[in-house]
Structure formats: structure tokens, C-alpha cells
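The structure appears right after this line, and notes come after that.
Counting convention: from 1, in listed order, for ligands and their atoms alike.
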Amino acid sequence: MGKDVIIACDFDSAEKVFAFLDKFTGKKPFVKIGMELYYAEGPQIVREIKKRGHKIFLDLKLHDIPNTVKKSMAVLSRLDVDMTNLHAAGTVRMMEAAIEGLTRPDGTRPMLIAVTQLTSTDQESMENDLLIKEQMPEVVMHYASCAKKAGLDGVVCSPLEAEKVHDRCGKDFVTVTPGVRFADGDIGDQKRVMTPAEAKRIGSDYIVVGRPITAAADPVAAYERCVAEFVG
Ligand code: C5P
């Protein structure tokens with residue numbers, strides 16, 4: 001599987017995302033479309049970006065009863081996205097249903113990855129609000145194992161967890177890691193960060209990079225720097 005840099009296109013309108021993508025003359029970066037843009041513009045934004053030749057990670061984090069997730073995944077699969085995701089907390093049965101829904105009549109399907117515990121959830125809120133008493137690293141690894149058992153391709157995780165996920169689930173189990181910053185860049189609101197070069201060294205398969213590229217004075221140069229450091 002190819003290592004790649006995925007740009008988090010966290011914009012709230014089609015106009016803004018196209019103004020951004022227009023800067024990449026001749027290049028077609030892999031892009032992540034999240035809830036904000038998808039809910040603002042609907043599925044048409046996916047079709048339009050796909051038509052421009054980009055690979056798309058549709059980050060909608062599905063979590064519902066298995067039947068609903070299965071049918072929704074079938075709709076997303078027809079949008080011809082390359083990667084999408086769900087919450088592992090929905091159970092192995094929900095994840096299996098998702099794979100069924102996502103699989104096209106010809107047997108192909110987009111990559112499917114799981115969110116384990118959101119990085120915004122800490123040990124305290126997990127224990128008090130979710131009543132999960134195990135330690136966070138164990139919970140994350142358990143959810144990753146459940147995702148593998150259900151037949152998913154990988155997980156979204158902190159770059160710091162990527163190595164452990166590979167140890168537990170195998171090196172072909174994909175790790176998609178946000179929280180990437182240049183050594184000389186702003187950390188912003190991210191807490192635990194890694195440079196693209198470090199993410200490569202610890203074995204991340206895909207890095208998801210937002211503001212270090214989208215807010216850069218020269219986004220194309222920032223993207224190229226990411227690719228040079230991460231893909232080499
Ligand atoms: O701008 P920045 O590089 O921080 O963007 C990172 C992207 O990855 C955002 O779209 C953010 O929502 C997403 N993400 C994250 N941490 C997670 C899961 C997703 O930063 N644990």
C-alpha cells in the first residue's frame with residue numbers, strides 16, 4: 001500500500017476548497033473531506049473533487065445500528081470515495097455490516113478505517129462519562145483489534161500509537177495519523193505531534209495534515225515539503 005500525505009480540507013464552502021485546490025496546478029493531492037464541508041455542500045462536493053482527479057478520504061465517522069450503517073456505507077461507496085471511516089465503538093457487528101454495505105457488486109470497495117477513542121477523550125472522561133475503566137492505551141489497542149477482526153483495513157490513531165497498532169494488528173493494518181507538524185511550525189491546538197519525517201520513521205501509512213498546509217503562506221510548497229519528508 002502506498003504511503004501518502006492526505007490534506008485535511010477543513011473549509012466550510014465549496015468556493016473556499018476550490019480556491020485552495022486551484023493552487024495545485026498539475027498536482028492532485030489526496031484530500032480529506034470532513035463533516036463541516038460535507039454538511040455544508042452535500043455529496044456534490046465529493047463528486048466534483050473526485051472529477052478533478054483527487055483521491056478522497058471521506059471522514060464522516062459513522063456510528064449507528066448495523067443496518068443503518070450498512071445502507072449508508074452503500075451510498076458512500078457509490079460516491080466512489082477512496083477511504084472512509086466509522087467509530088469502532090459501534091461494535092464488531094456494526095463494522096462487519098459497514099464492510100458489507102461498502103462492497104460494490106464487482107467486489108471492490110473503498111478502504112475502511114476505524115476511529116478508536118477520539119483524542120479529545122481523556123482517561124477521566126472515558127471513565128466518568130463512558131464508564132470504561134481500562135487504561136486508554138489498552139482501550140485503543142482493543143478497538144484496533146476489533147476493527148481488524150471485523151475485516152477493516154486500519155485505524156485512525158496518533159502517530160505515537162502507530163507502532164503499537166502495527167505490533168498488535170500486523171504491519172499491513174493501515175495507520176492513518178493526524179497531529180503532524182513541521183519541526184519549525186506552529187503546534188496550534190494539537191497536543192502530541194510528530195514531524196512528517198518522524199511519522200515515516202515510526203511506520204505511519206498515511207499522514208493527515210491540515211493547517212500546516214492549508215494555512216501556509218505557500219500551501220503547495222508546504223505540501224511538497226510534507227511529501228518529501230514523509231514519502232521521500
Ligand atoms: O489542522 P490539523 O493538521 O491539526 O488537522 C488535522 C485533521 O485531522 C483535522 O481534520 C482533524 O479534525 C483531524 N483529526 C485530528 N485528531 C484526531 C482525529 C482527526 O486532528 N484524533
Side-chain angles (χ1 to χ4, degrees), residues 4-13 16-17 20-21 29-41 45-46 49 54-63 81-90 111-123 125-126 130 136-137 139-141 143-144 147 152 154-162 164-165 174-200 202 204-227 229-230:
D4 211 346
V5 173
I6 302 178
I7 305 179
C9 286
D10 294 323
F11 299 102
D12 61 7
S13 73
K16 286 180 195 161
V17 73
F20 172 74
L21 293 176
F30 201 141
V31 300
K32 176 169 91 74
I33 299 176
M35 289 188 225
E36 185 185 16
L37 185 60
Y38 189 79
Y39 292 148
E41 299 290 348
I45 191 70
V46 176
I49 293 177
H54 297 270
K55 283 190 175 173
I56 296 177
F57 168 21
L58 190 55
D59 178 17
L60 298 181
K61 301 187 179 71
L62 274 67
H63 187 175
V81 297
D82 299 277
M83 183 188 289
T84 190
N85 63 358
L86 46 62
H87 276 281
M111 286 178 70
L112 183 61
I113 58 170
V115 173
T116 57
Q117 281 292 347
L118 292 170
T119 45
S120 50
T121 305
D122 59 13
Q123 184 72 34
S125 50
M126 189 173 70
L130 308 180
M136 182 63 81
V139 176
V140 168
M141 288 307 142
Y143 281 22
L152 270 69
V155 288
V156 186
C157 64
S158 143
L160 300 153
E161 292 160 349
K164 282 199 212 100
V165 169
V174 168
T175 53
V176 179
T177 60
V180 173
R181 291 295 180 264
F182 291 121
D184 53 1
D186 268 352
I187 288 185
D189 55 0
Q190 294 282 11
K191 299 233 163 11
R192 298 175 303 150
V193 298
M194 255 190 199
T195 65
E198 285 164 344
K200 176 183 184 177
I202 54 96
S204 287
D205 298 295
Y206 294 88
I207 52 173
V208 175
V209 188
R211 290 159 292 179
I213 296 174
T214 56
D218 184 344
V220 178
Y223 170 70
E224 282 172 349
R225 180 178 171 193
C226 262
V227 172
E229 278 193 33
F230 182 67

Query - Numbered atoms of ligand 1 (with element) below 4.0 Å of Asp10, judged on heavy atoms - result: 9 (C), 10 (O)
Query raised in the report: Are any of the N or O atoms of Thr119 closer than 3.5 Å to those of ligand 1?
Result: yes
Query raised in the report: Taking Gln117 for the side chain and Val140 for the main chain, is one N or O donor matched with an acceptor at less than 3.5 Å?
Result: no
**Report entry** Test item: Leu118 and His87 side chains (from C-beta on) under 4.5 Å apart, heavy atoms
**Finding:** yes
Query raised in the report: Any idea which atoms of ligand 1 are less than 4.0 Å away from a heavy-atom of Pro178?
Result: 8 (O), 14 (N), 15 (C), 16 (N), 17 (C), 18 (C), 19 (C), 20 (O)
Report summary line: Rounded to the nearest 0.5 angstrom, the CZ-CD1 distance for Arg181 and Ile187 is 8.0 Å
Query raised in the report: Backbone N or O of Ile56 within a donor-acceptor pair of the Asp82 side chain at under 3.5 Å?
Result: yes
Query raised in the report: Relative to the ring of Phe30, is the ring of Tyr206 parallel (under 30°), tilted (30 to 60°) or perpendicular (over 60°)?
Result: perpendicular
Requested in this report: May I ask you to say whether Arg211 pairs ionically with Asp189, meaning some side-chain N is under 4.0 Å from a carboxylate O?
Outcome: yes
**Report entry** For Lys164, all residues meeting side-chain contact (heavy atoms from CB on, under 4.5 Å), sequence neighbours excluded
**Finding:** Met141
Query - Lys32, any N or O under 3.5 Å of ligand 1 N or O - result: yes
Query raised in the report: Looking only at distance, does Ala8 have an N or O less than 3.5 Å from an N or O of ligand 1?
Result: no
Requested in this report: Report yes or no: does a heavy atom of Leu118 sit under 4.0 Å from some atom of ligand 1?
Outcome: no
Report summary line: Per-atom filter on ligand 1: closer than 4.0 angstrom to a heavy atom of Arg211 are 1 (O), 2 (P), 3 (O), 4 (O)
**Report entry** Atoms in ligand 1 with a heavy atom of Arg181 nearer than 4.0 Å
**Finding:** 1 (O), 2 (P), 3 (O), 4 (O)
Query raised in the report: If you count the atoms of ligand 1 from 1 in the order shown, which ones are under 4.0 Å from a heavy atom of Gly210?
Result: 1 (O), 2 (P), 3 (O), 5 (O)
**Report entry** Identity and distance of the protein heavy atom lying nearest atom 20 (O) of ligand 1
**Finding:** Gln190 NE2, 2.9 Å
Query - Gap separating the CE atom of Met35 from the CG atom of Asp10, nearest 0.5 angstrom - result: 11.0 Å
Query raised in the report: Is it the side chain (CB and beyond), the backbone, both or neither of Pro212 that lies under 4.0 Å from ligand 1, heavy atoms counted?
Result: side chain
